[in-house]
Protein chains: 2
Amino acid sequence: MPTPRTTAQRTALLDVIGARRGAFSALDLFDAVRERAPRLGLATVYRTLDRLEQDGVLRRLGGSAGSADRFVVCDPSHHHHHLICTGCGSVEETELCAAPPEGELKRRHGFVATSHQADVYGLCRSCAA
Amino acid sequence: MPTPRTTAQRTALLDVIGARRGAFSALDLFDAVRERAPRLGLATVYRTLDRLEQDGVLRRLGGSAGSADRFVVCDPSHHHHHLICTGCGSVEETELCAAPPEGELKRRHGFVATSHQADVYGLCRSCAA
DNA sequence: ATAACTGCAAACGGTTTGCAAGTCT
DNA sequence: AGACTTGCAAACCGTTTGCAGTTAT
(Lines give C-alpha, C1' and ligand atoms only; values in the text may rest on other atoms or scores of the structure.)
Protein backbone atom coordinates (compact mmCIF):
# COMPACT_ATOMS: atom_id res chain seq x y z
CA MET A 1 0.00 0.00 0.00
CA PRO A 2 1.87 2.95 -1.38
CA THR A 3 1.67 6.46 -0.02
CA PRO A 4 -1.03 8.47 -1.75
CA ARG A 5 0.18 11.12 -4.14
CA THR A 6 -0.85 14.72 -4.06
CA THR A 7 -2.86 15.23 -7.19
CA ALA A 8 -5.26 18.02 -8.06
CA GLN A 9 -8.21 15.64 -7.96
CA ARG A 10 -7.32 14.21 -4.60
CA THR A 11 -6.84 17.64 -3.11
CA ALA A 12 -10.16 18.86 -4.43
CA LEU A 13 -11.93 15.78 -3.10
CA LEU A 14 -10.37 16.02 0.34
CA ASP A 15 -11.23 19.68 0.39
CA VAL A 16 -14.90 19.14 -0.31
CA ILE A 17 -15.12 16.13 2.00
CA GLY A 18 -13.56 18.10 4.82
CA ALA A 19 -16.20 20.78 4.49
CA ARG A 20 -19.09 18.33 4.66
CA ARG A 21 -21.12 17.92 7.77
CA GLY A 22 -23.62 15.19 6.98
CA ALA A 23 -23.49 11.99 5.00
CA PHE A 24 -22.99 12.04 1.27
CA SER A 25 -23.07 9.65 -1.63
CA ALA A 26 -20.38 9.22 -4.25
CA LEU A 27 -22.56 11.10 -6.69
CA ASP A 28 -23.07 14.00 -4.30
CA LEU A 29 -19.36 14.32 -4.02
CA PHE A 30 -18.87 13.97 -7.75
CA ASP A 31 -21.28 16.83 -8.45
CA ALA A 32 -19.78 19.06 -5.80
CA VAL A 33 -16.19 18.57 -6.84
CA ARG A 34 -16.99 18.82 -10.50
CA GLU A 35 -17.81 22.47 -10.16
CA ARG A 36 -14.17 23.19 -9.61
CA ALA A 37 -12.69 20.25 -11.53
CA PRO A 38 -14.97 19.57 -14.50
CA ARG A 39 -12.87 16.83 -15.99
CA LEU A 40 -13.00 14.69 -12.87
CA GLY A 41 -14.18 11.15 -13.54
CA LEU A 42 -16.64 9.29 -11.40
CA ALA A 43 -14.31 6.34 -11.16
CA THR A 44 -11.76 8.51 -9.44
CA VAL A 45 -14.33 9.46 -6.84
CA TYR A 46 -15.01 5.83 -6.09
CA ARG A 47 -11.34 4.95 -5.99
CA THR A 48 -10.65 7.79 -3.59
CA LEU A 49 -13.60 6.93 -1.37
CA ASP A 50 -12.47 3.33 -1.15
CA ARG A 51 -9.08 4.43 -0.11
CA LEU A 52 -10.30 6.85 2.50
CA GLU A 53 -12.52 4.16 3.90
CA GLN A 54 -9.57 1.79 4.18
CA ASP A 55 -7.60 4.49 5.91
CA GLY A 56 -10.41 4.85 8.42
CA VAL A 57 -11.13 8.43 7.48
CA LEU A 58 -14.57 7.62 6.17
CA ARG A 59 -17.17 5.17 7.26
CA ARG A 60 -19.48 3.59 4.73
CA LEU A 61 -23.13 3.44 5.66
CA GLY A 62 -24.37 0.62 3.48
CA GLY A 63 -27.98 0.91 2.50
CA SER A 64 -29.98 -1.76 0.80
CA ALA A 65 -28.81 -2.78 -2.63
CA GLY A 66 -30.16 -0.48 -5.26
CA SER A 67 -29.66 2.61 -3.17
CA ALA A 68 -26.31 4.30 -3.14
CA ASP A 69 -23.82 3.84 -0.33
CA ARG A 70 -23.25 6.93 1.74
CA PHE A 71 -20.19 8.05 3.60
CA VAL A 72 -19.49 10.05 6.72
CA VAL A 73 -16.30 11.60 7.93
CA CYS A 74 -15.42 9.48 10.86
CA ASP A 75 -12.93 9.74 13.63
CA PRO A 76 -11.98 6.11 14.27
CA SER A 77 -10.06 6.90 17.42
CA HIS A 78 -13.12 6.94 19.59
CA HIS A 79 -16.05 4.59 19.69
CA HIS A 80 -19.23 6.17 18.47
CA HIS A 81 -22.49 5.55 16.67
CA HIS A 82 -24.59 7.46 14.24
CA LEU A 83 -27.88 9.22 14.60
CA ILE A 84 -29.44 9.17 11.19
CA CYS A 85 -32.25 11.61 10.52
CA THR A 86 -35.02 10.14 8.43
CA GLY A 87 -36.25 13.65 7.73
CA CYS A 88 -33.29 15.39 6.14
CA GLY A 89 -30.73 12.60 5.90
CA SER A 90 -28.22 14.27 8.17
CA VAL A 91 -25.97 12.13 10.31
CA GLU A 92 -24.45 13.04 13.63
CA GLU A 93 -22.28 11.11 16.00
CA THR A 94 -23.00 10.14 19.54
CA GLU A 95 -20.81 8.53 22.13
CA LEU A 96 -23.78 6.77 23.59
CA CYS A 97 -23.40 3.13 22.71
CA ALA A 98 -26.32 1.13 21.48
CA ALA A 99 -24.88 -2.34 21.40
CA PRO A 100 -25.50 -5.30 23.66
CA PRO A 101 -22.55 -5.80 26.03
CA GLU A 102 -19.99 -8.32 24.79
CA GLY A 103 -19.71 -10.25 28.02
CA GLU A 104 -23.40 -10.88 28.12
CA LEU A 105 -23.42 -12.02 24.50
CA LYS A 106 -20.63 -14.45 25.22
CA ARG A 107 -22.33 -15.86 28.27
CA ARG A 108 -25.81 -16.23 26.88
CA HIS A 109 -25.10 -17.05 23.25
CA GLY A 110 -21.49 -18.19 23.10
CA PHE A 111 -21.07 -15.43 20.59
CA VAL A 112 -17.76 -13.66 20.28
CA ALA A 113 -18.48 -10.16 19.06
CA THR A 114 -15.85 -8.48 16.96
CA SER A 115 -17.75 -5.43 15.82
CA HIS A 116 -21.18 -4.01 15.79
CA GLN A 117 -23.15 -1.52 13.89
CA ALA A 118 -25.70 0.33 15.88
CA ASP A 119 -27.35 3.13 14.05
CA VAL A 120 -30.28 4.97 15.48
CA TYR A 121 -32.96 6.33 13.21
CA GLY A 122 -35.21 9.22 14.05
CA LEU A 123 -35.58 12.95 13.67
CA CYS A 124 -32.84 15.46 14.29
CA ARG A 125 -33.35 18.62 16.25
CA SER A 126 -34.44 20.73 13.32
CA CYS A 127 -36.67 18.12 11.73
CA ALA A 128 -38.37 17.31 15.01
CA ALA A 129 -39.99 20.74 14.94
CA MET B 1 -52.84 -4.09 -0.10
CA PRO B 2 -54.71 -7.15 -1.34
CA THR B 3 -54.56 -10.53 0.30
CA PRO B 4 -51.85 -12.69 -1.26
CA ARG B 5 -53.05 -15.52 -3.43
CA THR B 6 -52.03 -19.11 -2.98
CA THR B 7 -49.96 -19.91 -6.01
CA ALA B 8 -47.59 -22.78 -6.59
CA GLN B 9 -44.60 -20.41 -6.65
CA ARG B 10 -45.54 -18.70 -3.45
CA THR B 11 -46.07 -21.99 -1.69
CA ALA B 12 -42.72 -23.32 -2.83
CA LEU B 13 -40.98 -20.15 -1.73
CA LEU B 14 -42.59 -20.07 1.69
CA ASP B 15 -41.74 -23.71 2.07
CA VAL B 16 -38.06 -23.23 1.43
CA ILE B 17 -37.88 -20.04 3.46
CA GLY B 18 -39.51 -21.74 6.40
CA ALA B 19 -36.85 -24.43 6.37
CA ARG B 20 -33.97 -21.99 6.38
CA ARG B 21 -32.00 -21.28 9.51
CA GLY B 22 -29.49 -18.63 8.54
CA ALA B 23 -29.59 -15.63 6.26
CA PHE B 24 -29.98 -16.03 2.54
CA SER B 25 -29.85 -13.92 -0.58
CA ALA B 26 -32.46 -13.73 -3.30
CA LEU B 27 -30.24 -15.82 -5.51
CA ASP B 28 -29.78 -18.49 -2.84
CA LEU B 29 -33.51 -18.78 -2.63
CA PHE B 30 -33.92 -18.79 -6.38
CA ASP B 31 -31.51 -21.68 -6.78
CA ALA B 32 -33.06 -23.67 -3.96
CA VAL B 33 -36.64 -23.27 -5.12
CA ARG B 34 -35.75 -23.84 -8.74
CA GLU B 35 -34.96 -27.43 -8.04
CA ARG B 36 -38.61 -28.09 -7.50
CA ALA B 37 -40.05 -25.36 -9.71
CA PRO B 38 -37.72 -24.98 -12.69
CA ARG B 39 -39.78 -22.36 -14.45
CA LEU B 40 -39.71 -19.94 -11.53
CA GLY B 41 -38.50 -16.49 -12.49
CA LEU B 42 -36.06 -14.47 -10.48
CA ALA B 43 -38.40 -11.49 -10.55
CA THR B 44 -40.99 -13.49 -8.69
CA VAL B 45 -38.47 -14.22 -5.98
CA TYR B 46 -37.79 -10.53 -5.54
CA ARG B 47 -41.45 -9.63 -5.59
CA THR B 48 -42.21 -12.24 -2.96
CA LEU B 49 -39.30 -11.20 -0.77
CA ASP B 50 -40.41 -7.58 -0.91
CA ARG B 51 -43.83 -8.56 0.15
CA LEU B 52 -42.69 -10.74 3.00
CA GLU B 53 -40.49 -7.95 4.20
CA GLN B 54 -43.42 -5.55 4.18
CA ASP B 55 -45.45 -8.07 6.12
CA GLY B 56 -42.70 -8.20 8.73
CA VAL B 57 -41.98 -11.86 8.12
CA LEU B 58 -38.51 -11.18 6.82
CA ARG B 59 -35.93 -8.63 7.72
CA ARG B 60 -33.57 -7.32 5.11
CA LEU B 61 -29.93 -7.09 6.10
CA GLY B 62 -28.63 -4.51 3.67
CA GLY B 63 -25.00 -4.89 2.76
CA SER B 64 -22.97 -2.36 0.90
CA ALA B 65 -24.06 -1.63 -2.62
CA GLY B 66 -22.68 -4.15 -5.06
CA SER B 67 -23.20 -7.03 -2.68
CA ALA B 68 -26.56 -8.71 -2.52
CA ASP B 69 -29.09 -8.04 0.19
CA ARG B 70 -29.73 -10.90 2.55
CA PHE B 71 -32.83 -11.85 4.45
CA VAL B 72 -33.64 -13.53 7.73
CA VAL B 73 -36.88 -14.94 9.02
CA CYS B 74 -37.89 -12.57 11.71
CA ASP B 75 -40.50 -12.53 14.40
CA PRO B 76 -41.56 -8.89 14.59
CA SER B 77 -43.65 -9.35 17.71
CA HIS B 78 -40.76 -8.97 20.08
CA HIS B 79 -37.85 -6.59 20.05
CA HIS B 80 -34.58 -8.27 19.18
CA HIS B 81 -31.28 -7.87 17.44
CA HIS B 82 -29.17 -10.10 15.28
CA LEU B 83 -25.89 -11.83 15.93
CA ILE B 84 -24.35 -12.35 12.53
CA CYS B 85 -21.55 -14.86 12.28
CA THR B 86 -18.81 -13.79 9.90
CA GLY B 87 -17.55 -17.35 9.86
CA CYS B 88 -20.52 -19.38 8.66
CA GLY B 89 -23.07 -16.69 7.90
CA SER B 90 -25.55 -17.91 10.45
CA VAL B 91 -27.80 -15.42 12.17
CA GLU B 92 -29.29 -15.76 15.60
CA GLU B 93 -31.49 -13.48 17.59
CA THR B 94 -30.83 -11.99 20.96
CA GLU B 95 -33.09 -10.12 23.29
CA LEU B 96 -30.18 -8.24 24.73
CA CYS B 97 -30.51 -4.62 23.90
CA ALA B 98 -28.60 -1.65 25.12
CA ALA B 99 -29.98 1.09 22.98
CA PRO B 100 -29.12 4.55 24.20
CA PRO B 101 -31.96 5.76 26.37
CA GLU B 102 -34.19 8.01 24.35
CA GLY B 103 -34.20 10.67 27.00
CA GLU B 104 -30.44 10.91 26.85
CA LEU B 105 -30.44 11.21 23.08
CA LYS B 106 -33.05 13.88 23.30
CA ARG B 107 -31.19 15.82 25.92
CA ARG B 108 -27.73 15.63 24.43
CA HIS B 109 -28.51 15.74 20.77
CA GLY B 110 -32.07 16.98 20.43
CA PHE B 111 -32.63 13.77 18.56
CA VAL B 112 -35.98 12.00 18.62
CA ALA B 113 -35.31 8.31 18.09
CA THR B 114 -37.94 6.25 16.35
CA SER B 115 -36.07 3.02 15.81
CA HIS B 116 -32.65 1.56 15.96
CA GLN B 117 -30.83 -1.23 14.29
CA ALA B 118 -28.10 -2.99 16.16
CA ASP B 119 -26.54 -5.88 14.39
CA VAL B 120 -23.53 -7.46 15.98
CA TYR B 121 -20.86 -9.15 13.91
CA GLY B 122 -18.56 -11.82 15.23
CA LEU B 123 -18.17 -15.56 15.58
CA CYS B 124 -20.89 -17.92 16.70
CA ARG B 125 -20.29 -20.64 19.25
CA SER B 126 -19.21 -23.28 16.75
CA CYS B 127 -17.06 -20.97 14.66
CA ALA B 128 -15.33 -19.55 17.70
CA ALA B 129 -13.64 -22.91 18.26
C1' DA C 1 -65.26 -11.67 -14.49
C1' DT C 2 -61.58 -9.60 -12.80
C1' DA C 3 -57.94 -8.48 -10.02
C1' DA C 4 -53.70 -10.62 -8.90
C1' DC C 5 -49.74 -13.15 -10.18
C1' DT C 6 -46.26 -14.92 -13.33
C1' DG C 7 -42.20 -15.41 -16.72
C1' DC C 8 -39.50 -13.24 -19.77
C1' DA C 9 -36.49 -9.89 -21.43
C1' DA C 10 -35.10 -5.46 -21.34
C1' DA C 11 -33.94 -1.51 -18.51
C1' DC C 12 -31.87 0.44 -14.48
C1' DG C 13 -28.65 2.44 -10.93
C1' DG C 14 -24.64 2.11 -8.57
C1' DT C 15 -20.11 0.44 -8.73
C1' DT C 16 -15.92 -1.68 -10.80
C1' DT C 17 -12.50 -2.55 -14.24
C1' DG C 18 -9.29 -2.49 -18.47
C1' DC C 19 -6.50 0.32 -20.66
C1' DA C 20 -3.89 4.06 -22.79
C1' DA C 21 -2.44 8.52 -21.52
C1' DG C 22 -0.92 11.63 -18.05
C1' DT C 23 1.45 13.00 -13.61
C1' DC C 24 3.84 13.05 -9.22
C1' DT C 25 8.35 11.82 -6.94
C1' DA D 1 12.66 6.56 -15.07
C1' DG D 2 9.15 4.42 -12.87
C1' DA D 3 5.37 3.74 -10.05
C1' DC D 4 1.10 5.70 -9.27
C1' DT D 5 -3.12 8.07 -10.83
C1' DT D 6 -6.48 9.48 -14.01
C1' DG D 7 -10.44 9.69 -17.58
C1' DC D 8 -13.11 7.26 -20.45
C1' DA D 9 -16.07 3.71 -21.86
C1' DA D 10 -17.50 -0.67 -21.35
C1' DA D 11 -18.55 -4.33 -18.27
C1' DC D 12 -20.79 -5.93 -14.11
C1' DC D 13 -24.10 -7.14 -10.55
C1' DG D 14 -28.14 -7.12 -8.09
C1' DT D 15 -32.58 -5.48 -8.60
C1' DT D 16 -36.75 -3.46 -10.90
C1' DT D 17 -40.11 -2.85 -14.46
C1' DG D 18 -43.20 -3.30 -18.72
C1' DC D 19 -45.93 -6.31 -20.73
C1' DA D 20 -48.65 -10.08 -22.52
C1' DG D 21 -50.30 -14.30 -20.94
C1' DT D 22 -51.96 -17.23 -16.94
C1' DT D 23 -54.37 -18.24 -12.67
C1' DA D 24 -56.75 -17.83 -8.17
C1' DT D 25 -60.83 -16.02 -6.33
Side-chain angles (χ1 to χ4, degrees), chain A residues 1-17 20 22-55 57-72 84 89 91, chain B residues 1-17 20 22-55 57-72 89:
Chain A
M1 50 289 284
T3 307
R5 290 185 178 174
T6 308
T7 68
Q9 295 84 334
R10 193 179 174 83
T11 304
L13 282 167
L14 287 174
D15 215 26
V16 171
I17 289 172
R20 287 268 159 172
F24 54 88
S25 68
L27 209 62
D28 290 340
L29 193 56
F30 180 62
D31 289 339
V33 177
R34 251 204 168 187
E35 293 176 8
R36 75 176 70 170
R39 282 182 52 76
L40 178 78
L42 189 48
T44 300
V45 174
Y46 281 107
R47 286 188 273 235
T48 305
L49 286 173
D50 283 350
R51 188 154 200 162
L52 291 175
E53 186 193 5
Q54 281 180 28
D55 294 348
V57 177
L58 294 179
R59 172 137 136 55
R60 183 187 300 252
L61 304 174
S64 294
S67 66
D69 278 356
R70 306 204 315 169
F71 299 82
V72 271
I84 301 165
V91 177
Chain B
M1 53 283 279
T3 306
R5 291 186 178 173
T6 307
T7 68
Q9 295 84 333
R10 192 177 173 85
T11 304
L13 282 166
L14 286 173
D15 216 26
V16 171
I17 290 173
R20 286 269 159 174
F24 54 88
S25 68
L27 209 63
D28 290 341
L29 194 56
F30 179 62
D31 290 339
V33 177
R34 252 206 167 184
E35 292 176 8
R36 75 176 68 170
R39 281 181 53 77
L40 178 78
L42 188 47
T44 300
V45 174
Y46 280 108
R47 286 189 272 236
T48 305
L49 286 173
D50 283 349
R51 184 151 202 166
L52 291 174
E53 186 193 5
Q54 281 179 27
D55 295 347
V57 177
L58 294 179
R59 174 135 137 55
R60 182 188 300 254
L61 304 175
S64 295
S67 66
D69 278 356
R70 305 204 314 168
F71 299 82
V72 270

Can you tell me how far C1' of D/dT6 sits from CZ of A/Arg34, to the nearest Å?
13 Å

Mind calculating the distance between CG (B/Leu14) and C1' (C/dC5) to the nearest angstrom?
14 Å

Nearest-Å distance, CD (B/Glu53) to C1' (D/dT15)?
13 Å

Nearest 0.5 angstrom please: B/Leu29 CG to B/Leu58 CG, how far?
9.0 Å

Whole-Å gap separating C1' (D/dA9) and CZ (A/Arg39):
14 Å

Short side-chain N/O contact to D/dC4 OP1/OP2 from A/Arg10, under 4.0 Å
no

Reported CG-to-CG distance for the pair A/Leu40 and A/Leu13, which is rounded to 0.5 angstrom:
5.5 Å

Least distance between heavy atoms, A/Ala26 atom then A/Leu42 atom
O-CD1, 4.5 Å

Divergence of helical axes at both termini of the helix from C/dA1-D/dT25 to C/dT25-D/dA1 - five pairs an end, 10° steps
30°

B/Gln9 CD to B/Arg36 CZ distance, which is reported to the nearest 0.5 Å:
12.5 Å

Run the salt bridge (charged side-chain N to carboxylate O under 4.0 Å, His left out) check on A/Arg59 and A/Asp69 step by step: do they pass?
CA-CA 10 Å; A/Arg59 172 137 136 55; A/Asp69 278 356; over 6 Å; no

Enter the distance from B/Arg47:CZ to B/Leu49:CG here, rounded to the nearest 0.5 Å.
12.0 Å

If the sugar-phosphate is the primed atoms plus P, OP1 and OP2 and the base is the rest, what is the B/S/- string for nucleotides 14-23 of chain C, using protein heavy atoms under 4.0 Å?
SBBBB----B

Write down the distance between CZ (B/Phe30) and C1' (C/dC8), rounded to a whole number of angstrom.
11 Å

Ion pair A/Arg10/A/Asp15, N-O distance below 4.0 Å
no

Heavy-atom closest pair, residues A/Arg70 and A/Ala23
NH2-CB, 3.7 Å

Atom-pair distance (CG on B/Leu13; C1' on C/dG7), nearest Å:
13 Å

Just verifying a value: how many Å separate A/Phe24 CZ and A/Phe30 CZ, rounded to the nearest 0.5 Å?
15.0 Å

Establish, with yes or no, whether the OP1 or OP2 oxygen of D/dT23 is under 4.0 angstrom from a side-chain nitrogen or oxygen of B/Gln9.
no

